[in-house]
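Encoded as structure tokens, the structure appears first; notes follow it.
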Amino acid sequence: MNPDNSRPDRENANQPPSWDSEEEYPARIPEQPLTPPNPGIPRGDRPYSPSEQSRNPAIDDLRREQERHLQNLGELRQEEARLSRQIQELRQQEEHIHRRIEGIQLEEEERRIAEVRRRLALSKTNQVIYYLMGALGVLLVLRAVLRLLGANPANQFAGFIYALSSPFVTPFETLFTTPTFGNSAFEINALIAIAVYGLLTWLVIRLLELIWT
């Protein structure tokens with residue numbers, strides 16, 4: 001290639017175009033968006049027209065997909081609200097069960113305390129009855145021993161024992177004859193009174209145990 005022939009072209013290329021030239025500039029090709037038009041996202045300052053939105057069927061698919069996602073989201077929120085209500089109801093039931101268990105435990109504790117108190121009262125009552133019966137038995141035994149040894153009735157101690165034990169022996173005085181040996185006497189009726197009073201004491205205690213327990 002002749003370098004001289006190409007020099008004017010390079011010089012002409014470096015010179016700016018003249019406004020007086022009759023040649024027209026080529027029409028500028030408008031720039032097209034790289035992505036398909038998306039409804040709801042404006043292109044520049046102008047939103048897409050319905051005709052532009054309907055050109056691409058993928059837009060309708062995206063819209064339907066979005067509506068389906070929104071519907072699923074609403075269903076999930078409803079399910080979440082339903083589960084929250086169920087959890088709240090379960091918590092209320094759990095609190096009610098806990099209160100019921102505490103009430104039952106309190107009732108059991110009160111019942112146990114009442115049972116202990118009843119048994120304690122019964123035990124004390126039995127102790128009092130046994131004590132009185134023991135005192136009566138000792139009194140009747142002393143009477144029988146003093147009569148058997150021929151104690152002087154004029155003595156204060158002997159007279160006190162005879163006078164104090166006489167009401168308890170009176171119901172049995174005529175049951176059997178009392179054998180005497182001089183000043184001594186074997187008062188068998190006093191021994192029978194001791195046995196009868198002991199049996200009555202056992203029956204009373206058993207009756208109290210049946211009533212209180």
### Query
Any side-chain heavy-atom pair from L191 and F176 closer than 4.5 angstrom?
no
### Query
Does a side-chain heavy-atom distance below 4.5 Å link E79 with E75?
no
### Message
With side chain to side chain contact (heavy atoms under 4.5 Å, CB included) as the criterion, how do L203 and L207 come out once you've worked through the C-alpha distance, each side chain's angles and the decisive distance to 0.1 Å?
### Response
CA-CA 6 Å; L203 291 175; L207 180 63; over 6 Å; no
### Task
Using a strict 4.0 Å threshold on nitrogen-to-oxygen distance, state whether E209 and R206 make a salt bridge.
yes
### Query
How about N155 and L146: do any of their side-chain heavy atoms sit closer than 4.5 Å?
no
#### Entry: Pair R112 + E109: basic N to acidic O under 4.0 Å
yes
### Message
So which atom in F168 and which in Y197 form the shortest heavy-atom distance, rounded to 0.1 Å?
### Response
O-OH, 2.9 Å
### Message
Is it the case that the side chain of S184 and the backbone of L148 share a donor-acceptor pair, with hydrogens and angles ignored and the cut-off at 3.5 Å?
### Response
yes
### Query
Do E108 and Q105 have side chains that get closer than 4.5 Å, going by heavy atoms?
no
### Spatial distance of atom OH (Y130) from atom CG (L132) [nearest 0.5 Å]
12.5 Å
### Task
Indicate yes or no: at least one non-hydrogen side-chain atom of H69 is less than 4.5 angstrom from one of Q66.
no
### Working for side chain to side chain contact (heavy atoms under 4.5 Å, CB included), residues E95 and R99
CA-CA 6 Å; E95 292 177 357; R99 289 194 299 269; 3.7 Å; yes
### Task
Give me the one residue out of H96, E94, Q88 that meets side-chain contact (heavy atoms from CB on, under 4.5 Å) with Q92.
Q88
### Query
Could you give the distance from CD (E67) to CG (L73), rounded to the nearest 0.5 Å?
14.0 Å
### Task
Please examine the side chains of I188 and T178, heavy atoms only from C-beta on, and report whether any two atoms are closer than 4.5 Å.
no
#### Entry: E80 with R77: basic N within carboxylate O range, under 4.0 Å
no
### Task
Answer yes or no: is there a donor N or O on one side and an acceptor on the other, between the side chain of N183 and the main chain of A151, under 3.5 Å?
no
### Query
In terms of hydrophobic clustering (I, L, V, M, F, W, Y; side-chain heavy atoms under 4.5 Å; direct or indirect links), are L142 and M133 co-clustered?
no
### Query
Do the side chains of L106 and E110 get nearer than 4.5 Å, heavy atoms only?
yes
### Message
Let me check something: do V196 and L136 share a hydrophobic cluster, defined by ILVMFWY side-chain heavy atoms less than 4.5 Å apart, either directly or through other members?
### Response
yes
